[in-house]
Amino acid sequence: MANNSVEAANTTTQSVNTNTHTESKTMKKKKRSSQWTWYIFLIPSFLGILLFMVYPIAESLRLSFFKSNGTIETFTGLANFRTVLTSGPFWNSVWNTFYIGIFQILITIPLGFIFATLINSVSKGKNFFKVLYFLPNVTSIVAAAMIFQFVLHPEMGILNYILGSLGLPTPGWFSDPATSKWGVILLAVWHWIGFVIIICLANLQAISSEMYEAAKIDGASGFQQWLFITIPNMTGTFAFLLITGWIGALQRFNEVYVVGGPNGSPARSIQTMGAFIYERGFTGFEFGIASAATYIMFIIILIFTFINLKVSKMKI
Amino acid sequence: MRRGIYKKKVTFFITMMLLLSFALVGCVPKSNSSSSTSKTEGKWAGQKIKVQMIGDFAMDDKTDPVTGETAKGMKVVKAEFEKQHPGATVEFVLMPWEGYTEKTQAMITSGEADVYQMPGVADFAPQGVLEPLQPWIEKDKEFSLDIFIDNQVDGWKALGPDSKELDIYGLPFLGDTRFIAYDKKLFDDWGVEYPSENPTMEEIAEKAKQMTGKNPKTGEQNYGIWFRGDWSSAFTLVDLAEGQNGSWGTGFAWDEVKFNFESPEMLNGLNWLLEMQKYAPKGIVSNQGNEKWLSKDNNIAIMLNQGPGDTVKPAYAQGLGDRIGIVNEFKNDEGRGGLFAGSPITIAKDSKNKELAWEWVKFATSDFVQKYVFEEYGAIPAVKSATEWDSVKEMPLMLPVFKAMETPMTPRYPWGSSQPRFILTSEIEAALTGNRSAEDALKKAQKESTEWVENR
């Protein structure tokens, strides 16, 4: 009897064990299958990345070793890279890209920060100013570039009209290589400043008010609070703006194409690296040269982003 | 509870809006491409061709935002072709001029269409992607090249992948040309005689100089001349050299091309442009300063290197048809000079229905299509018979345009859309903006262009 009950208990334990085992197996199976389900959901976007990013990047690398017009190809090794690196117009385009980029960043980040501080300090109409300054950023850069051609028109432009009525010299802007880059810088600053203001404002509003209160009790002036509390707390934002600004500046194409065409008129003064690639690739069918220039541009961006990360001590 | 009901209402509203948008989008007919199922009866039963066209063409009727005129769609042309070719189907791929070169390259690489409108025929023919048309012309007894305006067929000749002789790969579809346009009112105001039919550089310079300053009748500031100092300046300069019996150089195949950018005629031409800049408004190197041209308040007397598309129809649309005059560009002693332009049509080498594609080529160069695209879209015809059409007679400015189409330099400049053009353009800009002397600019252009050709 006792034996029977022990056996029965054993059987029950065994069946419980088996059940638990089966359950855990089913659970594992379910877990695995649910994991796979997620991968299935990822397939469309993964395919998109594969087709529209990975493939063009790999194809462009392959093309950079060929002389290609799209249909006829000849392997040329590193000749395209040599052509680009010894090309005067390419280095001119690098200079233009950096010149416009440096001044855009040097002007926009400090100016945007000052405007953000001012907007943050007003008690009324904060949202109005936010909208006002952010509007240029949502405007299409192509449309903005076209409008700027009128604004900076050497004879009929509103800016020259104002300068003229103040008795100041009126530059030729886009019709003079000496001032055309500054025309693009003005456009770039106008377009990007809204974004800088919004990002700076977000950071400014996140700084604890207790720090300012403590500083006030310690007798710090408004300027001292700004210098010793606000600015140190903004470094992360500045680093972010610096890196994204640089990447955007080095890829500049749309506005210079609208204003100066693929060869950056006048006299290649606003031809950027992107425009150089477009000129060689899509107006002259030199896809090999264009691809080599693209990879050189990629390396330049990579080096500069690395330097920027080191300088700004930003963690990624 | 209330919030839940509100949320449900919002979700319902958004869903309904989305459904409505999808329904509306689904109901909109396709405007830039056309398609239809293949037909089973008729001589061309089941045969289908795809035709690529560049410009302002649209399948459906549309209204011009500037002139306010309504243009009938290409559906009329499609219907007529399918009526004339029972059983056949034609589909269109319509694209704007922006980026047409790269789009055409992408399309032809992937075998997207059977017939292409192709201004860059000289670049595509050597790739072996186009059907030579001479055998089709010879085979078709009904077709004659005499229908085209003189010089138009020769202008589109190109080199095939293995040939050393120029051959026909495209037939003229849309005409184009370059000429000098002028404002008769300004000439009258200043008491200056209109330019002669074939003006010289000296004549234009003298007249431009006379008409720069305060208009004696209106008191407005007038400028004697305007020309693009950027995009098309290379063609303006080459025409100036041709006007002095010079040339851009020689050759057509790249291994035979020799540039002549440093020649005395080119140098004289560039110095002439520098002189003319004094009588032009500011901004010629950024395509500015000509904003009042073809308006009642126009302030420019002479416009160099103009095209019919931007001049003829817009002038009539603004009610200025009688005020504008057109004369030839600078020509050499043989009466030739200036850029050859326009659009030929070509057949893709890999077309599956070449017979039908050839039928389309003939149809597109027939009076029906040529007249239709002129009347509806202002596209310039390439056929001689156009001078007899009432619609052309209503626009007397078209007659000097047809004349100008007979005399440009042919074949088309082989460097017209390659690096040498951009090199020369940039150097002209450098000279016009005072960054380099005319001599140095041309020397640099010659050196860089020659190096580019050698390293190709």
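In the text below, chain A, chain B and the rest are named by the order of the sequence lines, each starting its count at 1.
- Below 4.5 Å, heavy atoms of chain A meet heavy atoms from Val285(B), Ser286(B), Gln288(B), Gly289(B), Glu291(B), all part of residues 285-303 of chain B.
- Contact annotation for Pro161(B): neither backbone nor side-chain heavy atoms come within less than 4.5 Å of a heavy atom of chain A.
- If you measure heavy-atom distances from Ile423(B) to chain A, the contacts under 4.5 Å come from both the backbone and the side chain.
- Neither the backbone nor the side chain of Trp415(B) comes within less than 4.5 Å of any heavy atom in chain A.
- When the shell of 6.0 Å around NZ of Lys130(A) is examined, it contains more than 12 heavy atoms from other residues, nucleotides or ligands.
- Heavy atoms from other residues, nucleotides or ligands lying under 6.0 Å from CG of Leu111(A) number more than 12.
- Remark: Glu256(B) CD is packed, more than 12 non-hydrogen atoms of other residues, nucleotides or ligands lying under 6.0 Å away.
- Residue Arg62(A) qualifies as enclosed at atom CZ: its count of foreign heavy atoms under 6.0 Å is above 12.
- Rounding to the nearest 0.5 Å gives a distance of 7.5 Å between CG of Asp176(A) and CG of Asn435(B).
- The distance from atom OG1 of Thr86(A) to atom CD of Glu451(B), rounded to the nearest 0.5 Å, is 9.0 Å.
- The most heavy-atom pairs under 4.5 Å with chain A, out of Gly120(B), Ser417(B), Ser418(B), come from Ser417(B).
- Of the two parts of Gln419(B), only the side chain, counted from C-beta on, holds a non-hydrogen atom closer than 4.5 Å to a non-hydrogen atom of chain A.
- Sparse packing is recorded around CH2 of Trp95(A), with 12 or fewer heavy atoms of other residues, nucleotides or ligands lying under 6.0 Å away.
- The stretch residues 261-288 of chain A places Pro262(A), Asn263(A), Ser265(A), Pro266(A), Ala267(A), Arg268(A), Tyr278(A), Glu279(A), Arg280(A), Phe282(A), Thr283(A), Gly284(A), Phe285(A), Glu286(A), Phe287(A) near chain B, each with some heavy atom under 4.5 Å from a heavy atom of that chain.
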